[in-house]
Structures are given as C-alpha cells and as structure tokens.
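All remarks here apply to the structure that follows.
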Amino acid sequence: MSDTSSNSIQLYYVYDPMCSWCWGYRPTWLALKKALQTEFPNIQIQYRVGGLAPDSEHEMPQDMQHFLQQTWHKIAAQLGTTFNFDFWQQCTPRRSTYPACRACLIARKSGHEEQMILAIQHAYYLQAQNPSDSDTLMALAAKLGLNQHDFSQALHAPLIEQQLQTEIESVRQLPIQGFPSLVLTVNGQHHAISIDYHHWQNSFNEIVALYH
C-alpha cells in the first residue's frame, strides 16, 4: 500500500459498506480494534474499501436477490445479527456498491469514514433504505453533518472515482479472501489475519505473534 513505510506496522481492515458479512462482523471487529488500540497503540489501523460490485442501474436478478436474502438469514442464525427484510419489498435492489464506497472515501477526508460505514449499514440492514441510490447517501451525509452540496459534487466527480479505482487495485495486491479481510503489514511484509466472527481473541493472538 502506498502509505506503508519499511518500518511501520499497520492493520488494514478491508471492507465494503454493503457487505452483509461485514455487518455481521462489526461487533467482533470493534472488540478487536479496541483491544489492539489499548495494548498496541503503535499499530496503525487503516480502513480500505474493496469494492464489491460496480455501478449498475439494473435491478438485481431474482436468483441473486434470493441468494442474498438467504445469506442474511444465514448470518442472522450464525451470529445473531439483525436484518430488516422489508428492504427486499420496499426497495429495488441493485448489485451496485461502488456509490456507497465512494461515500466512505469522501467521509474519510473529514474523519467520518467509520460513521459513514455505520450509517450506510443501518440504512441498508435496519431501515430498508437503498445505499445504491445517491439520494440515500446524500441524506446520510447530511445526518453526519457533512456539507450536502460538497458531498453531492464529490460523489459524482471523476476524482473520487479515480481514488476508488486506485484503492480497489491496491487492495487486490493484498492477501485478502473476500470481505471483510484483515491484513497486518510489518516491515513491508503483508500477513493475512484469520477472521473469526465469534471470537476476536483469535485474530488478536495472530497479530500479537506477528507483532513480536
């Protein structure tokens, strides 16, 4: 990654704001992050968007809709994650997460990336709103206190699209297995960290072993 120096230690959390497994992993990730920040403040935690699905104005095929609904049920059963299935009746789902990714990149510039991720997840999974729609993203930005005009301009600007593509390409150079993924970089070497959706301590122990 471009901001990794030879003597730095960084943990990359690779996500997509509309990835249902990222939503399921959120409580465990926050516990892991808190433990790391307490025990190892020298580890820099960096968020990176992976870009799950490119822009599309077409309605999601029925087989994909069925698959994702089954995935939501699976995550709810395995992890106890809450989902509002009204989304599938009240919205026109599109296989398009890049707009939400751009929203997170814009929010990152003002230090609001984590808040934007959560806002998108709440809108999508709890409030049956569609983060593939620009209007939804602009409303979320306004709730976070971001300038709505500036946000709207940036959301459709070539510059943010270029930044997204650059980040997606750099993420693909990391040893990831879908989203979410964790990668610890020590002295320029990238190490994949196992994701345990139930127990943050397992990832923590892997990181400790590599850190030392």
Side-chain angles (χ1 to χ4, degrees), residues 1-54 79 97-121 131 141 144 146 154-155 159-212:
M1 307 290 288
S2 60
D3 55 351
T4 300
S5 61
S6 60
N7 61 353
S8 67
I9 300 177
Q10 295 183 328
L11 178 68
Y12 291 102
Y13 175 63
V14 184
Y15 74 96
D16 187 289
M18 293 179 67
C19 164
S20 51
W21 283 105
C22 293
W23 172 234
Y25 184 58
R26 177 178 168 78
T28 305
W29 161 241
L30 292 180
L32 172 61
K33 181 183 174 188
K34 181 178 180 180
L36 289 171
Q37 290 175 327
T38 300
E39 296 294 329
F40 302 105
N42 289 338
I43 296 179
Q44 302 174 43
I45 296 176
Q46 303 280 346
Y47 283 75
R48 291 293 182 267
V49 294
L52 188 59
L79 305 178
T97 72
Y98 279 19
C101 290
R102 292 189 197 98
C104 291
L105 290 182
I106 297 167
R108 181 188 296 169
K109 296 178 184 298
S110 59
H112 292 83
E113 183 175 12
E114 293 177 61
Q115 295 94 319
M116 179 59 79
I117 295 169
L118 182 58
I120 290 170
Q121 290 173 331
L144 293 179
L146 304 181
L155 192 62
L159 178 59
I160 202 68
E161 169 63 14
Q162 180 182 356
Q163 291 173 349
L164 174 61
Q165 294 302 326
T166 298
E167 185 147 310
I168 290 172
E169 183 59 33
S170 65
V171 161
R172 287 175 179 169
Q173 308 306 312
L174 297 175
I176 66 172
Q177 298 290 330
F179 312 123
S181 281
L182 294 171
V183 177
L184 187 72
T185 299
V186 182
N187 296 325
Q189 296 296 313
H190 301 309
H191 306 273
I193 303 299
S194 300
I195 295 283
D196 187 323
Y197 288 88
H198 294 278
H199 306 291
W200 63 266
Q201 295 90 342
N202 291 336
S203 299
F204 182 85
N205 291 336
E206 281 191 36
I207 292 168
V208 170
L210 290 165
Y211 182 81
H212 290 299

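Because only heavy atoms are used, hydrogens play no part in the values below, and waters and symmetry mates are left out as well, while side chains stay in.
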Practice task
Would you give the length of the straight line joining atom CG of Asn42 to atom CD1 of Ile9, rounded to the nearest 0.5 angstrom?
Solution key: 7.0 Å
Practice task
Measure the shortest side-chain to side-chain distance between Tyr13 and Leu182 over non-hydrogen atoms and say whether it is less than 4.5 angstrom.
Solution key: yes
Completion exercise
What one should report as the nearest heavy-atom pair of Asp16 and Cys101 is OD2-SG, 3.3 Å
Exercise for the section: Return the minimal non-hydrogen interatomic distance between Met18 and Pro131, and the atom names on each side. Expected result: SD-CB, 3.8 Å
Practice task
Could you grab the distance from atom CD of Glu113 to atom CG of Leu118, nearest 0.5 Å is fine?
Solution key: 12.5 Å
Practice task
Would you name the heavy atoms of Pro180 and Ile195 that are closest together and state the gap between them?
Solution key: O-CG1, 3.8 Å
Problem - Euclidean distance, Lys33 NZ relative to Ile43 CD1, rounded to 0.5 Å - result: 13.5 Å
Problem - Audit row: Tyr98, Val49, side-chain contact (heavy atoms from CB on, under 4.5 Å) steps and yes/no - result: CA-CA 9 Å; Tyr98 279 19; Val49 294; over 6 Å; no
Handout entry: Student check: side-chain heavy atoms of Ile120 and Trp23 closer than 4.5 Å
Key = no
Handout entry: Heavy-atom side-chain proximity of Pro17 to Thr97 below 4.5 angstrom
Key = no
Handout entry: Steps toward side-chain hydrogen bond (donor to acceptor under 3.5 Å, both in side chains) verdict (Gln165, Glu169)
Key = CA-CA 6 Å; Gln165 294 302 326; Glu169 183 59 33; over 6 Å; no
Handout entry: Nearest-0.5 Å distance, CZ of residue Arg102 to CG of residue Leu164
Key = 6.0 Å
Practice task
Drop me the distance from Ile207's CD1 to Leu36's CG, to the nearest 0.5 angstrom.
Solution key: 4.5 Å
Practice task
May I ask you to decide if the ring planes of Phe40 and Phe204 are parallel, tilted or perpendicular, using 30° and 60° as cut-offs?
Solution key: tilted
Completion exercise
Nearest heavy-atom contact between Asp196 and Thr28 is O-CG2, 3.4 Å
Handout entry: Gln37 and Ile45, any side-chain heavy atoms less than 4.5 Å apart
Key = yes
Handout entry: Closest approach of Ser194 to Glu206 (non-hydrogen atoms, all atoms of both residues)
Key = OG-OE2, 2.8 Å
Problem - Flag if over 12 foreign heavy atoms under 6.0 Å of CD, Gln177 - result: no
Handout entry: Min side-chain heavy-atom separation Leu155-Ile160 under 4.5 Å
Key = no
Problem - Min side-chain heavy-atom separation Arg108-Glu167 under 4.5 Å - result: yes
Handout entry: Any Met116 side-chain heavy atom under 4.5 Å of Leu146 side chain
Key = yes
Practice task
Would you confirm whether the ring centroid of Phe179 sits within less than 6.0 angstrom of the ring centroid of Tyr15?
Solution key: no
Practice task
With rounding to the nearest 0.5 Å, note down the distance linking CG in Leu174 to NE2 in His191.
Solution key: 12.0 Å
Problem - Any Leu30 side-chain heavy atom under 4.5 Å of Tyr25 side chain - result: no
